Amino acid sequence: MQWPPHDTYASAPLCPSAPAVYLDASFSRMPMRLSRYFLPVMRDTPAEAQIVSHRLMLRAGMIRQQAAGIYVWLPLGLRVLKKIEQVVREEQNRAGAVEILMPTIQSADLWRESGRYEAYGAEMLRIQDRHERAMLFGPTAEEVVTDVFRAFVKSYRDLPLNLYNIQWKFRDEVRPRFGVMRGREFLMKDAYSFDLDEAGARAAYNRMFVAYLNTFARLGLKAIPMRADTGPIGGDLSHEFIILAETGESQVFCDRDLVDMAAPGDVDFYGDLQPIVDARTTLYAATDDMHDAAEFEKRVPESRRLSARGIEVGHIFYFGEKYSKPMKANVMGPDGQEKPVHMGSYGIGVSRLVGGVIEASHDEAGIIWPESIAPFDIAVVNLKAGDANADAAAEQAYAALTKAGRDPLLDDTDARPGTKFSTMDLIGAPYQLIIGPKGLEKGVVEIKTRKTGAREELSLEAALNRLSAA
RNA sequence: CGGGGUGUAGCUCAGCCUGGUAGAGCAUCAGCUUUGGGAGCUGAGGGUCGCGAGUUCGAAUCCCGCCGCCCCGACCA
């Protein structure tokens, strides 16, 4: 096939209707008009979906199941996924972690070194390449990152180091369910810290702990760190971050005071983070497998005892020399002695969070996105496409909001008003700017706040000022 | 992996028990009428009834095998 000359691409806009300024690979801003978009919403609820996030993601045209626990991400879902990914990335970077990208397909040999090739059960998807070499679709990446580390880092002077990646993983769950909340293929942020000793590792752990608080807060979630099982390693350095939702997978118990504890926000990640961590780990909080009813009642006054369902959205873990020792990831210490590096790993289920956010934020009509990750932040609804006044006002609004750096979706289709309202409520943009001929005759448009349902009539100019400023 | 379901039009489902030419609503397309919270009328298109092998004159329906998907449990980011 003959490819067009390169400058054909260079000169042609990727989408004829979209000025170059629209293009943004991070999806942080990509205004769209519905007539040119792909938004296959469904009125009926597919029978296979049981929980609300799964139902709403299917109905809103965010995903399509391709096989059990494996999904196609449709445009609307992909936008949210990318926006969550970007929030996670920014907070990892802020906490000093450095992004890499590791392969999805890994060599079995690495896993034999750590001993996990045999230890990992049927959840690991084992595959063979054409040379009959044993490969696998990575369920996690400790081995790969340890291999990277040992190849390049030899001295304590290069520590601390935290490498993370955001990559698709595969775990061949016996029973995938809850849509993307427990798929087999899932997008995960996994970070790996490397330190000279346990004290250094604890500081690394605290940085991720705080980064997680900030990350989930930016996603509009109240995430509570709960002590998790540390397994054979022991110690107190493992926490699951749990969001509360009625459909949560596990029962959790905690002190109510933890629920509304504010995120730390701007902190010095290389200062002392221990007080921040302590403030959130001294109060009682446990998942059912770690729960101690007697201790719960002893430590938490009855009025503050909270028993609820929770969804795990993050997990941080210190595991010391578990991988560095068998894989010989050693560093030279200041004392001239070579020793295995101390490691920790820190996961966030990025694709799971899409479902998790919906579980935590929806109503009968559909999804209610937090502004930070909404696929579109403003839905501009032209109630009567084809009406000259409505068209002009809607186009003006769309252009102004785009220019103001917002991320609007313009519904310029000729569907009926009721259909438009239902669709926009379903896909959950935080604000709807409703423009119709009747309002324009009176000189007003309407702003509807999705979360509260509050509507306000005001002039187009005032509406644009308000929505541009946010 | 144990237990229980289910598979019929894009979606939700009826028909299966008791075998006899494939159905409804929504969606799609055309036309007309409508137009501020999922419109109405008329017409049209759309299905190897999951796959395979049986029984039978005849199978969506009965028998056997396989596969997919869902739910409960165990397991899990």
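Quantities reported herein were computed from a predicted structural model and do not represent experimental measurements. Each chain gets a letter, A, B and so on, in the order the sequences are listed, and its residues count up from 1. Values reported hereafter were calculated over all heavy atoms of this structure, with side chains retained and with hydrogens, waters and symmetry mates removed.
- At a threshold of 4.0 angstrom between heavy atoms, the contacts of A/Ala67 are confined to the sugar-phosphate backbone, with no base atom among them.
- Listed by first and then second residue, the side chain to side chain donor-acceptor pair (under 3.5 Å) pairs that reach into residues 438-451 of chain A are A/Asp363-A/Arg450, A/Asp425-A/Lys448, A/Glu446-A/Arg455, sequence neighbours excluded.
- Here the side chain of A/Arg177 is nearest to one of B/C11, B/C76, B/G73, namely B/G73.
- Within the 4.0 angstrom heavy-atom criterion, no nucleotide atom of any strand lies near A/Gly347.
- Distances shown here put every side-chain N or O of A/Arg352 at or beyond 4.0 Å from the OP1 or OP2 atom of B/C76.
- Going from the P atom of B/C13 to that of B/U18 covers 25 Å, rounded to whole Å.
- For the C1' atom pair drawn from B/G36 and B/A24, the interatomic distance equals 32 Å after rounding to whole Å.
- Each of B/A74, B/U12, B/U34 was ranked by its minimum atom distance to the side chain of A/Arg416; first place goes to B/U34.
- Using a 30° and 60° split on the angle between ring planes, A/Phe209 and A/Tyr205 fall in the tilted class, from 30° to 60°.
- Remark: A/Gln65 is in phosphate contact with B/C70, judged by side-chain N or O atoms under 4.0 Å from OP1 or OP2.
- Interface remark: the A/Arg171 side chain does not form any donor-acceptor pair with the B/C76 base, using a distance-only criterion of under 3.5 Å.
- Using a 4.0 Å heavy-atom distance criterion, A/Gly314 is classed as making no nucleic acid contact.
- Candidate nucleotides B/C70, B/C13, B/C76 were compared by shortest atom distance to the side chain of A/Glu249, and B/C76 ranks first.
- Closest to the A/Arg175 side chain, of the nucleotides B/G73, B/G37, B/A77, is B/G73.
- Side-chain contact annotation: A/Glu461 with A/Ser459, donor-acceptor N/O pair under 3.5 Å absent.
- Remark: P of B/U12 and CE of A/Met42 are 8 Å apart, rounded to the nearest angstrom.
- Taking a cutoff of 4.0 Å between a charged side-chain nitrogen and a carboxylate oxygen, A/Glu91 and A/Lys189 do not qualify as a salt bridge.
- Base contact: A/Thr423 has a heavy atom under 4.0 Å from a base atom.
- Checking B/G37, B/A77, B/C75 against every side-chain atom of A/Arg455, the shortest atom distance belongs to B/G37.
- For B/A60 and B/C76, the C1' atoms lie 39 Å apart once the distance is rounded to whole Å.
- Taking atom P in both B/C41 and B/U34, one finds a spacing of 15 Å when rounded to whole Å.
- For B/C75, its base sits under 3.5 Å from the side chain of A/Arg182 at one donor and acceptor pair at least.
- Residue A/Gly183 is classed as a base contact, given a heavy-atom separation below 4.0 Å to a base.
- Spacing between B/G40 and B/C26 at atom P, rounded to whole Å, works out to 7 Å.
- Here the side chain of A/Arg406 pairs a donor or acceptor atom with the backbone of A/Leu467 at under 3.5 angstrom.
- Using a 4.0 Å heavy-atom distance criterion, A/Lys438 is classed as a base contact.
- Distance check on atom P: B/A22 versus B/U61 gives 12 Å, rounded to whole Å.
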